[in-house]
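Quick one: the structure is below, questions incoming.
Naming: A, B, ... by sequence-line order, numbering from 1 per chain.
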Protein chains: 2
Amino acid sequence: MPRIATPPDAADTSLRQQVYASLREALTSGRFAPGQKVTFRYVAGVLGVSLTPVREAMRRLVAEGAFEMNPNRSVRVPLMTRDKVLELRDIRMELEGLAAAKAALAATRNQIAEVRRAAREIIVARSRGDGATDRQKVREFHFAVYAAAGQPTLLRLIEGLWLQTGPYMNLLYPDFISSPRGPAGRQRLIDALQAGDAAAARREMENDIRRALSYVAGLADENGNIAPAVPATARKRRSPSAGDAIFELRVN
Amino acid sequence: MPRIATPPDAADTSLRQQVYASLREALTSGRFAPGQKVTFRYVAGVLGVSLTPVREAMRRLVAEGAFEMNPNRSVRVPLMTRDKVLELRDIRMELEGLAAAKAALAATRNQIAEVRRAAREIIVARSRGDGATDRQKVREFHFAVYAAAGQPTLLRLIEGLWLQTGPYMNLLYPDFISSPRGPAGRQRLIDALQAGDAAAARREMENDIRRALSYVAGLADENGNIAPAVPATARKRRSPSAGDAIFELRVN
DNA sequence: CCTCGGGATTTGTGATCACATTATTTTGCC
DNA sequence: GGCAAAATAATGTGATCACAAATCCCGAGG
């Protein structure tokens with residue numbers, strides 16, 4: 001198996017890294033509600049670690065835009081607006097289009113096979129109405145392409161962008177996802193990778209992102225807000241503890 | 001005065017933020033040598049603060065790619081390779097081209113005036129052979145354009161990319177910079193902004209970045225390395241203290 | 001019933017300490 | 001004198017504590 005662009009912190013076993021991975025997982029799978037307040041001590045309590053690694057992990061996520069911090073120091077899951085979605089759409093079209101174009105020029109046979117496998121699994125999950133697996137496989141499909149581009153910095157940037165749009169991608173279900181244009185587009189993308197046609201690969205990737213995020217932008221209310229804030233945080237009076245099941249520390 | 005995209009941490013007076021700004025300044029102005037080892041305690045000693053804010057600032061810079069951390073836990077200024085420059089070139093062409101295109105559609109009269117002013121100051125500095133001011137004004141010119149795009153996430157991404165290429169931009173002096181194509185290109189970019197011609201603005205910006213970073217990539221040696229490592233760190237035996245003059249804590 | 005104030009609580013920030021691991025220097029042997 | 005091994009120093013990591021600012025809660029006053 002050829003090695004593909006491996007995240008540089010693959011062997012990082014520090015608590016900070018585990019907390020970071022846990023929060024990232026929780027964010028992308030939608031276990032935090034938009035607008036929800038998330039305190040350092042709460043996370044530290046649930047994960048059973050001290051404040052130090054939590055602070056560093058959450059500060060990084062703030063820097064990446066996955067959390068936002070008010071000037072009056074409180075960390076929240078960002079609310080999404082139409083303008084923000086449109087900005088992210090245009091950025092993602094550029095970067096993920098670039099990655100697809102590079103992948104068309106650089107992908108190995110095995111890497112293309114990975115892409116193809118993910119595409120098949122999307123169809124299977126979708127036929128079963130399994131939205132969670134569907135989303136997971138869509139992610140694998142995209143990142144199989146991006147990994148094939150062999151550009152580590154580009155991959156890191158794209159991961160950061162997915163972290164910001166991720167919690168809102170479930171808004172695509174079930175209405176948008178039923179369109180038959182998705183599978184056809186993915187097939188054309190695979191064909192372009194196979195043929196080494198960078199321009200076509202870029203075009204297909206751009207179209208995919210444009211369609212999905214334009215749809216999400218269209219869900220905004222008259223104020224431009226999408227998926228409005230949950231009624232604040234269900235304030236925990238008791239001290240949080242492991243097993244609160246919001247998320248878990250992922251041990252490797 | 002119309003509001004333009006203001007950095008979200010404009011009013012952040014925390015030590016962490018000041019350390020972050022100081023290190024960023026030191027990196028972009030080339031006060032750290034590529035490959036140089038930079039320890040937490042060293043920075044803390046020079047800036048006269050404890051490890052805590054230094055750790056958080058440097059961890060963020062590692063996440064942004066401005067420092068790199070070996071698995072055997074030592075933080076270094078990254079070495080640049082031809083492949084990395086070419087990857088950054090292509091990413092920057094996409095994102096800064098996008099920003100220029102957006103700026104052409106959104107720039108106000110005052111924002112265009114800012115761009116024009118920076119362009120004039122580049123010419124002045126260059127005629128004086130003042131490389132440091134030249135670099136500073138080139139940066140101001142570019143970011144005046146990006147700010148006019150009014151896209152905060154895009155601006156943040158571009159800042160991160162400049163942080164990575166910044167220390168190597170002085171390699172453009174004095175040979176590359178003497179080309180007369182730079183000023184003419186900037187004028188065409190200004191004209192495109194004025195005319196609201198997004199495609200032309202994007203083209204000029206892309207050409208500018210392509211020329212500069214392709215030149216830098218061409219400076220690589222036979223191993224693909226650019227500006228090889230300085231002879232390790234001038235190891236400090238005595239404990240570092242304020243006034244070591246490598247960089248200073250910027251107090252607001 | 002709503003509004004405003006004041007005290008208790010929560011929460012992020014920064015400093016300090018202990019510890020394990022890595023790096024460096026010194027020592028001892030051939 | 002050269003080299004390996006032990007000792008010493010350096011360094012990142014995580015926990016804990018103190019503190020100030022922000023927030024929350026509750027009751028007095030209208």
Are side-chain heavy atoms of A:N225 and A:L79 found at a separation under 4.5 Å? no
Tell me every residue that passes side-chain hydrogen bond (donor to acceptor under 3.5 Å, both in side chains) with A:T133, counting only those two or more places apart in sequence or in another chain.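 Here the qualifying residues are A:D130.
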With sequence neighbours excluded, residues passing salt bridge (Lys or Arg N to Asp or Glu O under 4.0 Å) with A:R139: none
With the criterion being N/O to N/O and under 3.5 Å, what pairs connect the protein with nucleotides 18-22 of chain D, and how long is each?
unit_1: D:dA21; atom_1: N3; unit_2: A:R73; atom_2: NH2; d: 3.0

Residues in salt bridge (Lys or Arg N to Asp or Glu O under 4.0 Å) with B:R16, at least two apart?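 So B:R16 forms a salt bridge (Lys or Arg N to Asp or Glu O under 4.0 Å) with B:D12, B:E56.
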Gap between atoms CE and C1', on B:M58 and D:dG12 respectively (whole Å):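 After rounding, the gap between these two atoms is 11 Å.
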Quick one: B:F40 CZ to D:dT13 C1', roughly how many Å, whole number? 9 Å
Nearest listed nucleotide, side chain of B:S14, among C:dT24, C:dG12, C:dG14: C:dG14
Roughly, in whole Å, what's the span from CZ in B:F67 to C1' in D:dG12?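 Checked: the CZ to C1' distance equals 15 Å.
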Using atom OH of A:Y42 as one end and atom P of C:dG12 as the other, report the distance to the nearest whole Å. 13 Å
Once side-chain hydrogen bond (donor to acceptor under 3.5 Å, both in side chains) is applied, do any residues pair with A:R82, and if so which ones, sequence neighbours excluded?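 A:R82 satisfies side-chain hydrogen bond (donor to acceptor under 3.5 Å, both in side chains) with no other residue.
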For C:dG12, take OP1 and OP2 only and decide whether either is under 4.0 Å from a side-chain N or O of A:R59.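 Looking at the OP1 and OP2 atoms of C:dG12, neither is under 4.0 Å from any side-chain N or O of A:R59.
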A:M69 CE to C:dT13 C1', straight-line distance once rounded to whole Å: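 Distance, rounded to whole Å: 10 Å.
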Could you say whether B:T39 or B:T52 is positioned toward the 5' end of DNA chain D, judged by the nucleotide with the nearest heavy atom to each? B:T39
Should the pair A:R156-A:E159 be classified as a salt bridge under the 4.0 Å nitrogen-to-oxygen rule?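 Looking at A:E159 together with A:R156, the answer is no, because their closest N to O distance does not fall below 4.0 Å.
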Nearest-Å distance, CZ (B:R76) to C1' (D:dT11)? 13 Å
Whole angstroms only, please: what is the CG-P distance between A:L47 and D:dG14? 13 Å
Quiz question: going by heavy-atom distance under 3.5 Å, is there a donor-acceptor pair between the base of D:dG14 and the side chain of B:R55?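 Looking at the base of D:dG14, it does pair with a donor or acceptor on the side chain of B:R55 (distance under 3.5 Å).
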Enumerate the salt bridge (Lys or Arg N to Asp or Glu O under 4.0 Å) contacts for residues 84-103 of chain A, please, sequence neighbours excluded, ordered by first and then second residue.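 As it turns out, the salt bridge (Lys or Arg N to Asp or Glu O under 4.0 Å) pairs with a partner in residues 84-103 of chain A, which skip direct neighbours, are A:D90-B:K102, A:R92-A:E96, A:E94-B:R202, A:K102-B:D90.
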Under 4.0 Å from OP1 or OP2 of D:dA15: is there any side-chain N or O of A:S50 that close? yes
Separation of C:dG12 P from A:E56 CD (nearest whole Å):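 One finds 15 Å between P of C:dG12 and CD of A:E56, rounded.
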Any idea which of C:dA15, D:dC24, C:dG12 is nearest the A:K37 side chain? D:dC24
